[in-house]
Amino acid sequence: DTGVSQNPRHKITKRGQNVTFRCDPISEHNRLYWYRQTLGQGPEFLTYFQNEAQLEKSRLLSDRFSAERPKGSFSTLEIQRTEQGDSAMYLCASSLSAGAGYEQYFGPGTRLTVT
Amino acid sequence: AQTVTQSQPEMSVQEAETVTLSCTYDTSESNYYLFWYKQPPSRQMILVIRQEAYKQQNATENRFSVNFQKAAKSFSLKISDSQLGDTAMYFCAFMKSYSNYQLIWGAGTKLIIKP
């Protein structure tokens with residue numbers, strides 16, 4: 001088990017372009033979370049999957065954001081028509097659905113810079 | 001809505017000293033979890049310690065311990081015999097039980113251990 005992985009680690013894009021990030025959770029974890037972290041702040045919850053079902057979306061997640069988790073394995077987060085305000089670290093985490101205090105294991109994040 | 005407050009933006013101590021990081025939270029829930037996560041520079045978020053609200057006994061993990069005061073809604077982290085590798089951002093986080101299990105985060109405390 002290699003932990004949670006995220007790709008790419010860094011992404012620089014021009015305003016208006018679409019970007020897609022990938023998260024591969026720990027294999028036996030059925031819950032997957034996306035958070036956004038801006039410089040000097042704690043992460044903010046974006047969305048959450050249990051298996052392939054997206055069960056909750058934050059009001060922070062505008063219509064330009066979409067997340068999927070086909071087959072309940074890896075997940076993708078797409079941002080359409082990027083804006084400079086989207087520049088942030090996007091963190092993915094996974095957990096089991098019970099036990100261990102619902103500990104979330106985090107990936108290294110994808111740092112997005114919108115120019 | 002739940003909120004988490006970390007009132008110390010930055011702290012620094014000498015190696016081998018003991019340091020306490022503060023965290024307060026606001027909730028009307030009675031069942032919840034509290035966490036301290038560590039985020040070393042350019043590295044991923046790692047769980048340091050976890051506390052279940054229904055447990056009166058303070059959690060301890062090696063050099064890390066918490067002082068959980070449920071009535072006061074306070075959850076401080078004590079690091080004993082601090083080491084250079086403890087240098088990191090430390091985040092306090094709250095999770096409501098029987099919910100979507102999203103973490104609600106404080107703004108973080110930057111801890112610097114000086115040699």
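Residue numbers begin at 1 in each chain, while the letters A, B, ... track the order of the sequences.
Separation of atoms CD (Gln39(B)) and CG (Leu91(A)) is listed at 6.5 Å; rounding is to 0.5 Å. Rounding to the nearest 0.5 angstrom, the gap separating the CG atom in Leu103(B) from the CD atom in Glu44(A) is 13.0 Å. To the nearest 0.5 angstrom, Met45(B) atom CE is 9.0 Å from Met89(A) atom CE.
No path of Ile, Leu, Val, Met, Phe, Trp and Tyr side chains, each step under 4.5 Å between heavy atoms, connects Leu46(A) with Ile104(B), placing them in separate hydrophobic clusters. In this structure, Ile113(B) is a member of the same hydrophobic cluster as Met11(B), with clusters built from ILVMFWY side-chain heavy atoms closer than 4.5 Å. In this structure, Leu47(B) is not a member of the same hydrophobic cluster as Trp36(B), with clusters built from ILVMFWY side-chain heavy atoms closer than 4.5 Å. Hydrophobic clustering keeps Phe68(B) apart from Phe35(B) (ILVMFWY residues linked when any side-chain heavy atoms are closer than 4.5 Å, directly or through intermediates). Both Leu32(A) and Leu61(A) are members of a single hydrophobic cluster when ILVMFWY side chains are connected at heavy-atom separations under 4.5 Å.
When heavy atoms are compared at a cutoff of 4.5 Å, Tyr101(B) approaches chain A by way of both its backbone and its side chain. Heavy atoms of Gln37(A) lying under 4.5 Å from chain B belong exclusively to its side chain. Contact annotation for Gln41(A): both backbone and side-chain heavy atoms come within less than 4.5 Å of a heavy atom of chain B.
Considering all non-hydrogen atoms of both residues, Phe91(B) and Gly42(A) come closest at CE2-CA, 3.4 Å.
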(request) Take Gln104(A) and Met95(B), measure what side-chain contact (heavy atoms from CB on, under 4.5 Å) needs, and give me the verdict at the end. (result) CA-CA 11 Å; Gln104(A) 293 182 20; Met95(B) 178 192 288; 3.6 Å; yes

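At most 12 heavy atoms of other shown residues, nucleotides or ligands fall within 6.0 angstrom of atom CD in Gln57(B). Remark: Arg43(B) CZ is loosely packed, at most 12 non-hydrogen atoms of other residues, nucleotides or ligands lying under 6.0 Å away.
Taking the ring centroids of Phe106(A) and Tyr37(B), they lie under the 6.0 Å cut-off.
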